[in-house]
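Below is one structure, written out as structure tokens; the observations come after it.
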Amino acid sequence: MPEGLEAEIWRGACEPLVGRTIVAARVDERIAPAGFAEVVVGSLITGVRRVGKVVLIDTQRETPSGGSGDSLPIGLHFGMTGRLVVDGHAMIGQLSYASGRDAQEWDRCVLFTEPPPTVGADVPAVRLNDPRRLGRVTIDPDLSGLGVDIFEITAPVLAAAMARRSIALKAALLDQGVVAGLGNLLADEVLWWSALSPHRRANSLDLREAKRLTAAIRRRLPIMLRRGGSTTGVLSPDVRAALGACERDGQPLQRATIGGRTAVWCPAHQH
DNA sequence: CGGCATGTTTCGCC
DNA sequence: AGGCGAAACATGCC
């Protein structure tokens with residue numbers, strides 16, 4: 001489920017947490033750095049941000065002398081199947097590749113706050129629920145390797161990043177060091193809208209094509225965000241699985257593994 | 001049962 | 001050295 005759009009939805013869901021203090025934390029130590037709970041408990045939540053697919057909860061610890069201490073962001077990374085439940089509200093209902101079940105045993109990081117959510121004092125403020133356990137929580141994650149964020153992209157920046165790579169265009173879009181926040185569904189979606197084949201070499205794009213790709217990202221992502229995320233595009237999970245006809249020209253869609261992931265595209269209009 | 005899944009990291013080969 | 005592709009990770013579902 002989680003690509004940059006889901007992270008953005010969850011970032012927004014986290015805004016009511018600002019101003020609260022983390023008073024307890026339960027964490028699966030296999031997905032957290034050593035001492036995570038000890039570090040975060042007692043800290044004040046001062047802000048929430050998103051960079052690429054990462055949701056960041058900014059926290060501030062009080063020093064023993066009473067002053068405000070170090071500011072530390074908590075990083076929430078969702079892997080393939082992680083999702084966030086904030087104040088008891090699952091902003092995104094269905095995991096497309098899971099049953100939609102919400103088992104407690106899949107809770108990998110649970111945070112309680114003071115004041116608690118209005119829905120109940122025993123309800124966690126934050127639950128990172130992840131059956132497959134590929135998600136992570138981090139403290140002050142290093143985000144320096146990330147490329148331009150999906151909501152900040154410009155044609156010159158994208159063109160420059162692409163020009164340095166000889167890998168498949170689709171693989172380059174999945175590389176978080178090129179564009180931060182695109183995942184497998186969004187990458188196929190923006191390629192469909194910009195009429196570019198996923199097989200193209202990244203460095204074969206001319207400026208006109210880079211502009212087309214940029215325009216697709218800037219136009220389609222806000223629409224899909226409003227609709228509920230990465231699954232709401234033309235190449236929805238249903239369409240991908242059925243490998244139906246292209247909505248634009250009625251031609252059969254094609255499927256292949258590119259950059260280690262399944263790409264779906266229309267060979268009739270994507271070149 | 002085999003295969004596949006919205007992701008990231010690591011290993012080995014140029 | 002650094003780019004690139006494949007494998008590994010971990011678990012559930014069809």
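In what follows, every chain begins at residue 1, and chains take the letters A, B, ... in the order their sequences are listed. Below, each value reflects all heavy atoms present in this structure, side chains not excepted, and no hydrogens, waters or symmetry copies. This is a predicted model, so every value here is computed, not measured.
Distance, A:Leu5 CG to B:dG7 P: 12 Å, rounded to whole Å. Summarising the geometry, the separation between CG on A:Leu146 and P on B:dG7 is reported as 14 Å, rounded to the nearest angstrom. Nucleotide B:dT8 holds its C1' atom 11 Å from the CG atom of A:Asp175, rounded to whole Å. Computed from coordinates, the A:Leu174 CG to B:dG7 P distance equals 7 Å when rounded to whole Å. Taking atom CG of residue A:Leu182 and atom P of nucleotide B:dG7, one finds them 10 Å apart after rounding to whole Å. For the pair A:Leu76 CG and B:dT8 C1', the interatomic distance rounds to 16 Å; values are reported in whole Å. Atom CG of A:Leu185 is separated from atom C1' of B:dG7 by 12 Å (rounded to the nearest Å). What separates CG of A:Asp130 from P of C:dC9 is a distance of 17 Å, to the nearest Å.
Using a cutoff of 4.0 Å between basic side-chain nitrogens and carboxylate oxygens, A:Arg108 and A:Asp130 are not scored as salt-bridged. Using a 4.0 Å cut-off between a side-chain N of Lys or Arg and a carboxylate O of Asp or Glu, A:Glu209 and A:Arg200 qualify as a salt bridge. Using a cut-off of 4.0 Å between Lys/Arg side-chain N and Asp/Glu carboxylate O, A:Asp87 and A:Arg20 are scored as salt-bridged.
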Between the protein and nucleotides 1-5 of chain C, which nitrogen or oxygen pairs come in under 3.5 angstrom?
unit_1, atom_1, unit_2, atom_2, d
C:dC4, OP1, A:Ser166, N, 2.7
C:dC4, OP1, A:Ser166, OG, 2.5

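Across the P atoms, C:dA10 and B:dC11 are found 14 Å apart, a figure rounded to whole Å.
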>> Set out, in order, the CA-CA distance, both residues' side-chain angles and the distance that settles side chain to side chain contact (heavy atoms under 4.5 Å, CB included) for A:Thr59 and A:Thr46, then state yes or no.
In response: CA-CA 5 Å; A:Thr59 67; A:Thr46 56; 5.8 Å; no
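Closest heavy-atom contact between A:Leu182 and A:Ile217: CD1-CD1, 4.3 Å.
If A:Arg132 and A:Gln176 are placed on DNA chain B by their nearest nucleotide, the residue sitting closer to the 5' end is A:Arg132.
For the pair A:Glu189 and A:Met224, the minimum side-chain heavy-atom distance is below 4.5 Å.
Checked against B:dA5, C:dA10, C:dG12, the side chain of A:Thr262 finds its nearest nucleotide in B:dA5.
No hydrogens or angles considered: nothing links the side chains of A:Ser236 and A:Asp238 as a donor-acceptor pair under 3.5 Å.
One cannot find a donor-acceptor pair under 3.5 Å joining the base of C:dA10 and the side-chain atoms of A:Arg133.
Contact annotation: A:Arg261 reaches the phosphate of B:dG7 (side-chain N/O to OP1 or OP2, under 4.0 Å).
Pairing of B:dT9, defined by two Watson-Crick or G-U wobble distances under 3.5 Å, is identified with C:dA7.
As judged by a 4.0 angstrom heavy-atom cut-off over every strand, A:Gly260 is placed among residues making no nucleic acid contact.
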